[in-house]
Amino acid sequence: QLQLVESGGGSVPPGESLRLSCKASGFNLNRYVIGWFRQAPGKEREGVSCVTASGNIRLYAAAVKGRFTISRDFVQNTVDLEMSALKPEDTAVYYCAAGENVRQLVTDLQTMCIDADFSRWGQGTQVTVSS
């Protein structure tokens, strides 16, 4: 069975850190562009970060740049999202996704992978930032 599984979510106070991990089963994650997305209640899904298959290009949303770091582990076949200095507005369900031919959308604020180009999605993990 081909699937992505996220882990590492939780509830933390503002200013703390969490590390999310995305692991693939049934296929090699290392061949794919991997993205992290999030969706807060009542809001549209938004891109948080993405990394190319080689790991050489990493993109971040303007809202998380400087606080979040995406990384690939080619041995473990995982992609992690290290989140620091968390804010209440980071509260959301976080999803990882895999895609092969992923385009990028360039705006004045940021460059981000286009979510419609990702073909495989995990079930999501909840991140809650609250005092």
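- V64 and L59 are members of different hydrophobic clusters when ILVMFWY side chains are connected at heavy-atom separations under 4.5 Å.
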> Would M83 and D90 satisfy side chain to side chain contact (heavy atoms under 4.5 Å, CB included), going step by step from the backbone distance to the final call?
Replying inline: CA-CA 9 Å; M83 307 184 296; D90 294 318; over 6 Å; no
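- Within a 6.0 Å sphere centred on CD of E44, heavy atoms belonging to other residues, nucleotides or ligands number 12 at most.
- Contact annotation: the side chain of C50 approaches that of M112 to within less than 4.5 Å [non-hydrogen atoms, C-beta and beyond].
- Side chain of E6 to main chain of G124: a donor-acceptor pair is present (N/O by atom type, distance under 3.5 Å, no hydrogens or angles).
- For the pairing with L109, the side chain to side chain contact (heavy atoms under 4.5 Å, CB included) check across T111, T107, V106 returns one residue only, T107.
- Side-chain atoms of E100 and V33, non-hydrogen and from C-beta on, never get closer than 4.5 Å to each other.
- Here the side chain of T91 pairs a donor or acceptor atom with the backbone of V129 at under 3.5 angstrom.
- Between the N77 side chain and the L29 main chain, a donor and an acceptor come within less than 3.5 Å of each other.
- Screening residues 82-102 for ring-ring contact (aromatic ring centres under 6.0 Å, His included), with sequence neighbours left out, gives no hits.
- When side chains are defined from C-beta on, T69 does not count as touching L81, because their heavy atoms never get closer than 4.5 Å.
- A cation-pi contact links R45 to W121, judged by a cut-off of 6.0 Å to the six-membered ring centre and 45° from its axis.
- One hydrophobic cluster, built from ILVMFWY side chains closer than 4.5 Å, cannot hold both V102 and V48; they sit in different ones.
- W36 places a side-chain heavy atom less than 4.5 Å from the side chain of V79.
- In this structure, the side chains of F68 and S49 stay at 4.5 Å or more apart for every pair of heavy atoms.
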>> Under the criterion side chain to side chain contact (heavy atoms under 4.5 Å, CB included), I'd like the reasoning laid out for V5 against Q3: C-alpha separation, chi angles, the key distance, then a yes or no.
In response: CA-CA 7 Å; V5 179; Q3 62 177 354; 4.2 Å; yes
Side-chain polar contacts of residues 7-20 - donor-acceptor pairs under 3.5 angstrom, sequence neighbours left out - could you list them?
residue : atom : partner : partner atom : Å
R19     : NE   : D80     : OD2          : 3.0
R19     : NH1  : E82     : OE1          : 2.6
R19     : NH2  : D80     : OD2          : 3.2

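- Among all heavy-atom pairs drawn from R72 and I34, the shortest one is NH2-CG1, 3.7 Å.
- Side chain of N30 to main chain of F74: a donor-acceptor pair is present (N/O by atom type, distance under 3.5 Å, no hydrogens or angles).
- Within the 3.5 Å criterion, the main-chain N or O of R67 finds a donor-acceptor partner in the side chain of S84.
- Applying the disulfide (SG to SG under 2.5 Å) test to residues at least two apart or on different chains, the pairs with a partner in residues 76-112 are C22-C96.
- Put simply, the side chain of K43 never gets that close to the backbone of A92: no donor and acceptor are under 3.5 Å apart.
- Remark: C113 SG to D115 CG distance equals 10.0 Å, nearest 0.5 Å.
- At a threshold of 4.5 Å between non-hydrogen side-chain atoms, the residues R38 and E46 count as touching.
- No side-chain donor-acceptor contact under 3.5 Å links Y32 to the backbone of N101.
- No side-chain heavy atom of Q104 sits under 4.5 Å from any side-chain heavy atom of I114.
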